[in-house]
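Input: a single structure, listed below in structure tokens.
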Amino acid sequence: MTFQFLRVGPSPLHAGAEQHMVPMRDGVRLATDVYLPASPRKHTAVVSRMPYDKASAYMAVHKLAPLYLERGYVLVAQDVRGKFRSEGDTVPFVHEIEDTYDTLDWIAAQPWSDGSVAMVGDSYHGYTQWAGAASGHPALRAIVPRVTSLEISDLRGLTGTTPDAALSLYHANYFAHMWVDQGLYAYEVDWSVRPLRDLFEEAFTAIGHRSAAVDGVIAGRPPVDPFRTRPPFAARPVPVLHRVGWFDNLIDASMRDHTAQLADPRWAPHTYLDADACDHHTYHLDQAPVRPEHDHALDERVLDAVLPRYLGRTLDFLDTFVAGRGDTTAFPRATWYQGHDGTRTATSWPPPAARELRLYPTDAALATTGADGGTLTEAREREPAAVRWTHDPLDPVPSPVRDPWVHLQEYPEEQSVHDRPDVLTFTGAPVTAPLDLVGPVTATVDIGTSAAAGHLFVKLHDVAPDGTARMIVRGQRRIPGGGPLAARVDLGHTGYRLRAGHRLRLQLCGSDFPLYAPHPGTDGDLWQATAFSPAEQTLRTGGDRTHLTLTVCDGPAQ
């Protein structure tokens, strides 16, 4: 049967925008839409540079434009180099610093421009904001990066070729669909294909084009990461409203950016956090799992209702720090949505009232006997204990969520996964009063493997009184062969209320497929592996060997 795929090209331009082909320094022209307010005076421009089609319903720029225009801003949306209506080669990241600089130069020279520019956008068009900061363009006044990270340009880490990274197949899948040519492609991947280097071969053959980004990563030659030589934090600081989603699959990397900003004495005074209990595509915990009548991808009226929440404090931030229409000293340093409770603010993140809570897995022998498994408690065991399980790369632990970019749209119940004998669980007692998680979550795991190397996946779940278990945070890493290894796993940050009667559950396992590649047990290149064998993994507990560290507040975290 012929391989089936759908190519998506540029959507029709919107009547409210005027498209310009803006020249870059090398002569390549980038398609740029300008939405102008009715007032003839000069205006500040708000810019979003994206690879997902500036005129698409998915980007909803035409719906966002009136919200910016009524505040007196010009909205500028641009297809990045090599995507949709823009010219140039389709290779991510490489040209973004120079292209952003040249775009801001063009904007600042326009008759409607007052010489000031701010940047907004999500994910890749959050990354282009950091590229703007790295460029040091004098017109740039502020950025509002959302659900993104400086790290997304380092494909070696995202696709598992750095020493501590698990091989993220869903990131490779993104580049194989989105970064082939000017359009984007929809098709199903056969995840049973081995070796993994051939996952996308059938699609590329049928399409007639290849993804240079995917080919480069598989061959060990990923695209150049411009931030390695021109890091944004080395440039002139600008005000940053760092917007994250507690259920975004990039939350751990996003918060590493924010932590790095706070640690930099030049950038820290200009850094603000705005967090919501949402995933990458703005599905919210309040409505998870999302029914079709509440799905903004299916109903335009729902999308219209979601947009103000999607924008969050963006317009207020721009009014305050760019337009000069607010008190900069009164703008909250941290604003977040506490899952199952509501919006809170604090003078810092984590909030000043936060404390560290350390929990220990005990009764290790019970960890593989069912969903509840062993015990998660503040009281550590003095005597050492161990539990062993088998990671079989030919029968990996299945990924509960089909698409991690829309985790809350699905919001899977994971108890069936916890019942597997190759999944370790440790469950706490029901809390008698609400427990607020407000900050980073980390795990230290004393682990070893009989294989040359392996993977470790760690999740923290909320277990409801009816036994349903849903993820709060997660993390993963590669582990070398032998052991024991005191593996530190960053599970990201969260603002989440564990309600009375609910329990915390710690989950550990050696696979999560197809989001991540099942480790074959060899020390070679996972893309090339053709031989697979089961490996015995050993978790050691007792004392401080293995523990979970939470950041919590006993009262309202404000």
Side-chain angles (χ1 to χ4, degrees), residues 151 156-168 249 251-253 255-256 259 356-362 364 367-368 373-374 376 380-381 384-393 396-397 399 418 422-426 439-461 471-494 504-513 515-523 526 534-551:
E151 298 176 20
R156 299 175 308 165
L158 288 177
T159 53
T161 51
T162 55
D164 287 337
L167 174 48
S168 172
N249 46 303
I251 182 61
D252 52 346
M255 290 305 296
R256 283 195 290 273
T259 302
E356 184 180 284
L357 173 63
R358 184 171 288 190
L359 300 178
Y360 299 88
T362 63
T368 59
L376 190 63
R380 57 186 169 185
E381 291 177 322
V387 58
R388 295 175 177 82
W389 78 100
T390 299
H391 159 67
D392 185 350
V397 177
S399 303
H418 296 168
D422 54 355
V423 174
L424 279 62
T425 54
F426 299 88
V441 180
T442 59
T444 298
V445 182
D446 190 322
I447 191 169
T449 178
S450 64
H455 288 154
L456 172 64
F457 296 88
V458 182
K459 294 183 181 181
L460 182 65
H461 294 82
M471 189 189 78
I472 305 172
V473 289
R474 63 164 297 153
Q476 56 279 325
R477 59 163 291 166
R478 179 185 180 275
I479 56 173
L485 168 71
R488 187 182 187 277
V489 183
D490 175 11
L491 278 67
H493 290 230
T494 189
L504 289 175
R505 177 176 293 159
L506 178 66
Q507 172 196 340
L508 304 100
C509 58
S511 48
D512 186 351
F513 177 76
L515 297 189
Y516 293 84
H519 202 289
T522 66
D523 205 18
L526 270 63
E536 184 179 81
Q537 322 276 40
T538 303
L539 172 74
R540 299 171 180 85
T541 63
D544 285 327
R545 289 176 179 82
T546 298
H547 58 267
L548 178 71
T549 303
L550 309 174
T551 310

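Under a 3.5 Å cut-off, the side chain of T368 and the backbone N or O of L424 do not form any donor-acceptor pair. Side-chain N or O atoms of T541 include none that pairs as donor or acceptor with a backbone N or O of T546 at under 3.5 Å. Judged by distance alone, with hydrogens and angles left aside, the side-chain atoms of T449 form no donor-acceptor pair with the main-chain N or O of G454 at under 3.5 Å. Without hydrogens or angle criteria, H418 side chain to R505 main chain gives no donor-acceptor distance under 3.5 Å. Within the 3.5 Å criterion, the main-chain N or O of R358 finds no donor-acceptor partner in the side chain of T549.
R478 approaches H455 most closely through the heavy-atom pair CA-CD2, 3.9 Å. Minimum heavy-atom separation, P484 to R540: CB-NH1, 3.3 Å. Closest non-hydrogen pair, A364 versus A385, comes out as CB-CB, 4.4 Å. Residues A451 and G521 approach most closely at CB-O, 3.4 Å, considering heavy atoms. Nearest approach of I447 to A487, heavy atoms of both residues: CG2-CB, 4.3 Å. Across all their heavy atoms, C509 and S511 have their closest contact at SG-O, 3.3 Å.
Looking at heavy atoms from C-beta onward, P520 lies in side-chain contact with L526 at the 4.5 angstrom threshold. Side-chain contact between D512 and V397 is absent, with no heavy-atom pair separated by less than 4.5 Å. Side-chain contact check for V445 versus R477: every heavy-atom pair is 4.5 Å or farther apart. Counting only heavy atoms from C-beta outward, the side chains of L548 and L504 never approach each other to under 4.5 Å.
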Tell me, with the steps shown, if Y360 and D544 meet side chain to side chain contact (heavy atoms under 4.5 Å, CB included). CA-CA 8 Å; Y360 299 88; D544 285 327; 3.2 Å; yes

Please determine whether side chain to side chain contact (heavy atoms under 4.5 Å, CB included) holds for the pair H493 and T551, giving the CA-CA distance in whole Å, both sets of side-chain angles, and the decisive distance to 0.1 Å. CA-CA 9 Å; H493 290 230; T551 310; over 6 Å; no

Run L491 and I472 through side chain to side chain contact (heavy atoms under 4.5 Å, CB included) and show every step you take. CA-CA 9 Å; L491 278 67; I472 305 172; over 6 Å; no

Could you walk me through whether Q476 and L515 pass the side chain to side chain contact (heavy atoms under 4.5 Å, CB included) test, one step at a time? CA-CA 11 Å; Q476 56 279 325; L515 297 189; over 6 Å; no

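Atom OG1 of T494 is separated from atom CE of M255 by 10.0 Å, given to the nearest 0.5 angstrom. Separation of atoms CG (L506) and NZ (K459) is listed at 12.0 Å; rounding is to 0.5 Å. The structure places CZ of F457 at 8.5 Å from NE2 of H391, a figure rounded to the nearest 0.5 Å. Atom CD1 of I479 and atom CG of L456 lie 6.0 Å apart (nearest 0.5 Å). Annotation: the span from H547 atom NE2 to L376 atom CG amounts to 12.0 Å, rounded to 0.5 Å. For the atom pair CH2 of W389 and CD of E536, the computed distance is 9.5 Å after rounding to the nearest 0.5 Å.
The only member of L508, T538, L539 that meets side chain to side chain contact (heavy atoms under 4.5 Å, CB included) when paired with V387 is L539.
A donor and an acceptor atom, one from each side chain of T425 and Q507, are nowhere located under 3.5 Å apart.
P534 pairs by the side-chain contact (heavy atoms from CB on, under 4.5 Å) definition with T390, D392, not counting sequence neighbours.
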